Amino acid sequence: MRDLILASTSSARRALMDGMGIPYRTEAPGVDETVAPHLSAEEAVLELAARKARAVKDRHPGAWVLGADQLVEVGGRILTKPVDRDDARRQLGQLMGRTHDIHTGVCLVGPGGHITEGVERARLTFYRLEPDELERYLDLEEWRGCCGSYRVEGAGQALLQRLEGDRTNVQGLPMVTVVRLLRQAGFPFFERR
Ligand SMILES: Nc1nc2c(ncn2[C@H]2C[C@H](O)[C@@H](COP(=O)(O)OP(=O)(O)OP(=O)(O)O)O2)c(=O)[nH]1
């Protein structure tokens, strides 16, 4: 049985991996997430996904490690996870009535120098909300721990006027890409326990 580690503290990523049903464990990547300012959103999430995966792989040389990173891009600006409710209100205020992109990079590293990666974009258009409705959404605290301050699989789906791309990508892991990387690396699926 291969030792697969998800280099993540994200409950959303764990939920997506759990759904796929192959054995894995998690470990916090514990890396500095600073990147050079000239990088595009795609380049930044790929670099950080690889940085997270490599950091855990260095601690577990014989393991396979999957890392991921996500950014929201709207009007040329980058949004990461909000620090508090006011920050979440500001983020959602930038997304209401507009179209934004979510970029997620994933990287799979393994024994023998194996490294494969992918980056996926989802494009979302949000309804415009009245201030009171926005406050009611903030009360649900779906903003905590989420790039862009919403959860697409939660009440946040009521914000969504249009979604192009893989919905799981929005939640934190583009599972079509994750499955491709795992299959390319020879991972078996549907194993009998
Ligand atoms: N449940 C849920 N989570 C979301 C959604 N959109 C974004 N997220 C979460 C997934 C990730 O945990 C987080 C993206 O931030 P990062 O890529 O920096 O990952 P994070 O620091 O949370 O965890 P990690 O670096 O993997 O330990 O936002 C959503 O619609 N639903």
Side-chain angles (χ1 to χ4, degrees), residues 4-20 24-35 39-60 64-74 77-84 87-88 91-92 94-96 99-109 117-127 137-138 140-175 177-178 181:
L4 175 60
I5 304 172
L6 173 64
S8 179
T9 60
S10 167
S11 58
R13 290 187 171 128
R14 281 200 305 276
L16 290 164
M17 286 294 287
D18 291 347
M20 190 166 50
Y24 76 99
R25 57 194 170 105
T26 61
E27 183 164 313
V31 299
D32 170 15
E33 298 199 21
T34 309
V35 292
L39 291 184
S40 68
E42 294 92 339
E43 290 166 333
V45 295
L46 275 173
E47 176 167 318
L48 286 172
R51 192 181 300 175
K52 294 175 186 179
R54 286 200 182 101
V56 173
K57 178 80 168 54
D58 288 348
R59 303 196 286 262
H60 305 277
W64 290 82
V65 184
L66 183 69
D69 193 72
Q70 184 179 73
L71 289 173
V72 168
E73 185 174 24
V74 58
R77 286 189 300 278
I78 295 294
L79 306 181
T80 55
K81 292 177 289 187
V83 296
D84 58 23
D87 196 18
Q91 287 198 352
L92 288 167
Q94 295 180 61
L95 302 180
M96 294 297 138
T99 297
H100 67 276
D101 289 341
I102 282 215
H103 304 276
T104 307
V106 289
C107 179
L108 178 67
V109 294
E117 58 186 19
V119 58
E120 289 294 321
R121 185 197 75 192
R123 180 155 285 177
L124 299 87
T125 302
F126 276 12
Y127 290 104
Y137 181 61
L138 288 168
L140 301 179
E141 299 210 329
E142 288 193 345
W143 53 267
R144 289 190 186 281
C146 291
C147 270
S149 303
Y150 62 86
R151 289 178 190 253
V152 75
E153 81 284 10
Q157 55 197 308
L159 305 171
L160 202 50
Q161 184 176 3
R162 181 176 170 76
L163 167 64
E164 299 165 61
D166 180 345
R167 182 179 280 260
T168 65
N169 177 17
V170 183
Q171 289 173 241
L173 277 180
M175 292 309 291
T177 299
V178 168
L181 298 184

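Each ligand, and each atom within it, is numbered from 1 in the order the structure gives. Since the structure is predicted, the reported quantities are computational estimates derived from the model, not experimental observations.
Expressed to the nearest 0.5 Å, how far CZ of Arg14 lies from CG of Leu6 amounts to 8.5 Å.
Between Ala49 and Gly105 the shortest heavy-atom distance is CB-O, 3.4 Å. Of all heavy-atom pairs between Arg144 and Arg151, the closest is O-NH2, 2.9 Å. Between Gln91 and Cys146, the shortest heavy-atom distance links the atoms OE1-O, 4.5 Å.
Protein residues lining ligand 1, listed by chain and number: Ser8, Thr9, Ser10, Ala12, Arg13, Pro29, Glu33, Lys52, Asp69, Gln70, Lys81, Gly145, Cys146, Cys147, Tyr150, Arg151, Val152, Glu153, Val170, Gln171 [non-hydrogen atoms, distance under 4.0 Å].
Not less than 6.0 angstrom separates the ring centroid of Tyr137 from the ring centroid of Tyr150.
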Open item on the list: Show, in sequence, the C-alpha distance, side-chain angles and deciding distance for Arg77 and Glu73, and conclude whether the salt bridge (charged side-chain N to carboxylate O under 4.0 Å, His left out) test is met.
Closed with: CA-CA 6 Å; Arg77 286 189 300 278; Glu73 185 174 24; over 6 Å; no
